[in-house]
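One-based numbering, in listed order, for ligands and for the atoms of each.
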Amino acid sequence: MSKRIVILGGGTGGTLTANRLHRHYHHKAEIVVVDQDDHHVYQPGLLFVPFGLAKHSEIVRPRHEQLHRDIEFVLQAIDRVDLARDTVVLENGSELAYDVLVVATGTVLAFDETEGLTGRGWNEKVFTFYDLAGATGLAAALDEFEGGRLVVNVVDMPIKCPVAPLEFCFLADWYFTERGIRDKVDITYATPLDGAFTKPVASAALSSLLEEKGVHMVTEFNTGEVVLDDDGRAGRLVGYDGREVPFDLAVVIPLHSGAAYVGRSEGLGDDLQFVPTHQNTLQTKAKANVFALGDATNVPTSKAGSVTHFEGEVLVDNIIRFLDGKPLDEGYDGHANCFIETGFGKALLIDFNYDTQPLTGHFPAAVGMPLLKESRMNHLGKLMFQWVYWHALLQGRDIPGIGAAMPTRGKQAPTPDNEGATA
Ligand SMILES: Cc1cc2nc3c(=O)[nH]c(=O)nc-3n(C[C@H](O)[C@H](O)[C@H](O)COP(=O)(O)OP(=O)(O)OC[C@H]3O[C@@H](n4cnc5c(N)ncnc54)[C@H](O)[C@@H]3O)c2cc1C
């Protein structure tokens, strides 16, 4: 009898998983995708919206159109998963039974967790670019900004695409230079980390780049409250340790959590509503027939589309193994790969996994795109990626030379000071 695979979330991970499974099973399995809306946003494009470099129409497409026509799309919010009954309960009260469940519901932006964030001044002096409404509103605010203190702040980790706030700083430097008012704008990056990034070699490279571009860093800053001045013209971030960062315009990346239904599903999630998942097989700790990928998991690598893509390859293979009664493959090594836009038509590229931090060298082999080094080639790669996303990645096609396992050829050997022979 044909098996039913229910996929929760029709974003990056849910869509590519459904299409990959369909490529394997065709009509031999029933594949169902559930999502609460029908607008698939190409999230890396949100970075470009505030600077007038991407339009709404270019980065949003109907969700159901990204799925093969034989895949069933259910447009409904999820209320909870009943693990004991292998059933998903939807918000309208209907139920979906499954043989295998895939959790791909990403993250929620938890604005309310930071006092004052969405109070007075929200979407006037304080913005986010992590959703479409915020990115669009910020475009108008940047356009009107004639000078002053711009503060970019990450409230806490983990966030999706941890390099996107840095890219925002680099693009702001470029944007105000183009407008001829860079000398009137003071850009500050306030982060809870002790440097620009989590991994030492990349953190050092990115911290120097921020310095080079005149972006000040405030480190180990944990935002407790956002306060707007009485006249509403400016405000300040107040840290839990009492430090204050004043701003005329603030761009805040709020705390992230998993989807609320995870919290309502007994045994599925952790305290932050992320789903405890085996970091190599992508099988959840909740139950053997439940798998998870993308931002929704707790695996110790970046929350990124590239990670979701690489995880998807291993996860689909493991669902097939599971349904065939074979042992799972521990093949996901934490591979992550991110272009970092640095402004002026250039970008950096980083590539890493659970064991190897981002290193210098080239990707995907000794001849290729430069790693941890600004180049025009990387910028073109970042722009081209949008086409690859819609036409190859979401469709579940393999991308030649770029797969789940991190390539080591072309990379410098890891040493404390990053000097060494090419691996
Ligand atoms: C500004 C920005 C820039 C980024 N840049 C990059 C980049 O350059 N490179 C990169 O690799 N990654 C980047 N990312 C991250 C990347 O977009 C995400 O990591 C990726 O989309 C995660 O995929 P996902 O399937 O886990 O989640 P998503 O694609 O977010 O999908 C989750 C889906 O679940 C649905 N859902 C959630 N709760 C429910 C519910 N209760 N009921 C029904 N449906 C529900 C949502 O509607 C959504 O469609 C960026 C993200 C942002 C915000």
Side-chain angles (χ1 to χ4, degrees), residues 6-18 33-50 54 59-60 63-64 66 73-81 88-92 96 102-109 128-132 134-135 138 158-168 171 251 253-254 256-265 273-275 277 292-297 299 301-312 315 335-341 347-351 378 381-383 385-386 388-389 393-394 402:
V6 172
I7 300 169
L8 303 182
T12 310
T15 304
L16 70 89
T17 297
V33 174
V34 185
D35 207 293
Q36 59 204 359
D37 66 54
D38 197 19
H39 308 293
H40 188 128
V41 179
Y42 174 65
Q43 296 178 47
L46 292 173
L47 170 72
F48 296 109
V49 171
I59 62 168
V60 186
R63 246 182 236 300
H64 70 276
Q66 312 315 312
F73 179 63
V74 176
L75 185 55
Q76 261 299 315
I78 302 147
D79 180 55
R80 66 184 186 280
V81 177
V88 178
V89 182
L90 303 177
E91 233 174 52
N92 66 358
L96 280 170
V102 179
V103 179
T105 34
T107 55
V108 166
L109 303 177
T128 191
F129 67 99
Y130 263 50
D131 61 23
L132 198 50
L138 183 53
I159 59 166
K160 48 188 166 183
C161 198
V163 294
L166 294 167
E167 294 181 279
F168 190 93
L171 282 178
V251 177
I253 291 82
H256 286 32
S257 73
Y261 82 87
V262 174
R264 293 192 293 268
S265 305
Q273 293 159 190
F274 293 121
V275 178
T277 304
L293 82 166
D295 298 347
T297 78
V299 303
T301 187
S302 289
K303 295 195 182 302
S306 63
V307 165
T308 310
H309 164 215
F310 300 140
E311 287 175 342
L315 174 136
H335 188 196
N337 178 288
C338 305
F339 288 110
I340 306 173
E341 194 66 16
L348 289 169
L349 177 62
I350 55 174
D351 191 66
N378 289 338
K382 173 124 186 160
L383 296 187
F385 192 74
Q386 185 165 344
V388 174
Y389 182 84
L393 189 144
L394 286 187
I402 303 178

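- The contact set between ligand 1 and Ala77, taken as ligand atoms under 4.0 Å from a residue heavy atom, comprises 42 (N), 43 (C).
- The salt bridge (Lys or Arg N to Asp or Glu O under 4.0 Å) search around Lys382 returns Glu167, not counting sequence neighbours.
- By heavy-atom distance, the residue among Val262, Leu90, Asp35, Ile7 lying nearest atom 33 (C) of ligand 1 is Asp35.
- Annotation for ligand 1: atoms under 4.0 Å from non-hydrogen atoms of Thr12 are 20 (C), 21 (O), 23 (O), 25 (O), 29 (O).
- Nearest heavy-atom pair, Phe129 versus Leu138, reported as atom, atom and distance to 0.1 Å: CB-CD2, 4.0 Å.
- Less than 4.0 angstrom separates some heavy atom of Gly294 from each of these atoms of ligand 1: 26 (O).
- At a 4.0 Å cut-off, at least one heavy atom of Arg63 sits close enough to ligand 1 to count as contact.
- Interface of Tyr261 with ligand 1, defined as ligand atoms under 4.0 Å from a residue heavy atom, comprises 41 (N).
- Residue Tyr130 has no nitrogen or oxygen atom sitting less than 3.5 Å from a nitrogen or oxygen atom of ligand 1, judged on distance alone.
- Taking atom 3 (C) of ligand 1 as the reference point, the nearest protein heavy-atom neighbour is Gln43 O, 3.5 Å.
- The atoms of ligand 1 that sit less than 4.0 Å from any heavy atom of Thr105 are 32 (C), 34 (O), 36 (N), 37 (C), 38 (N), 39 (C), 45 (C).
- Every residue two or more places apart in sequence or in another chain that forms a side-chain hydrogen bond (donor to acceptor under 3.5 Å, both in side chains) with Tyr389 is listed here: Thr12, His40.
- In terms of polar-atom proximity, Gln36 is counted as a contact of ligand 1, with an N or O under 3.5 Å from an N or O of the ligand.
- Residue Lys303 touches ligand 1 through its backbone alone, judged by heavy-atom distances below 4.0 Å.
- Below 3.5 Å of separation, one finds no N or O of Cys161 facing any N or O of ligand 1.
- Once rounded to the nearest 0.5 Å, the distance linking CG of Leu90 with CG of Leu75 reads 10.5 Å.
- Inclusion of Lys382 in the set of residues having an N or O under 3.5 Å from an N or O of ligand 1 is warranted.
- Residue-level proximity to ligand 1 for Thr308 is carried by the side chain, the only part with a heavy atom below 4.0 angstrom.
- Among the atoms of Phe339, none of the N or O lies under 3.5 angstrom from an N or O of ligand 1.
- Checked by distance only, ligand 1 and Ile78 come closer than 3.5 Å through their nitrogen or oxygen atoms.
- With a 4.0 Å heavy-atom cut-off, ligand 1 is reached by the side chain of Ala259 but not by its N, CA, C or O.
- Applying the side chain to side chain contact (heavy atoms under 4.5 Å, CB included) test between Val102 and each of Leu8, Leu293, Val6, Val33 identifies Leu293 as the sole match.
- Phe73 places a side-chain heavy atom less than 4.5 Å from the side chain of Asp38.
- With a 4.0 Å heavy-atom cut-off, ligand 1 is reached by the backbone of Gln76 but not by any atom from C-beta on.
- Between His335 and Phe310, the ring planes are parallel. Angles under 30° get that label, and only those over 60° would be called perpendicular.
- No donor-acceptor pair under 3.5 Å is formed between the side chain of Gln36 and the backbone N or O of Ala77.
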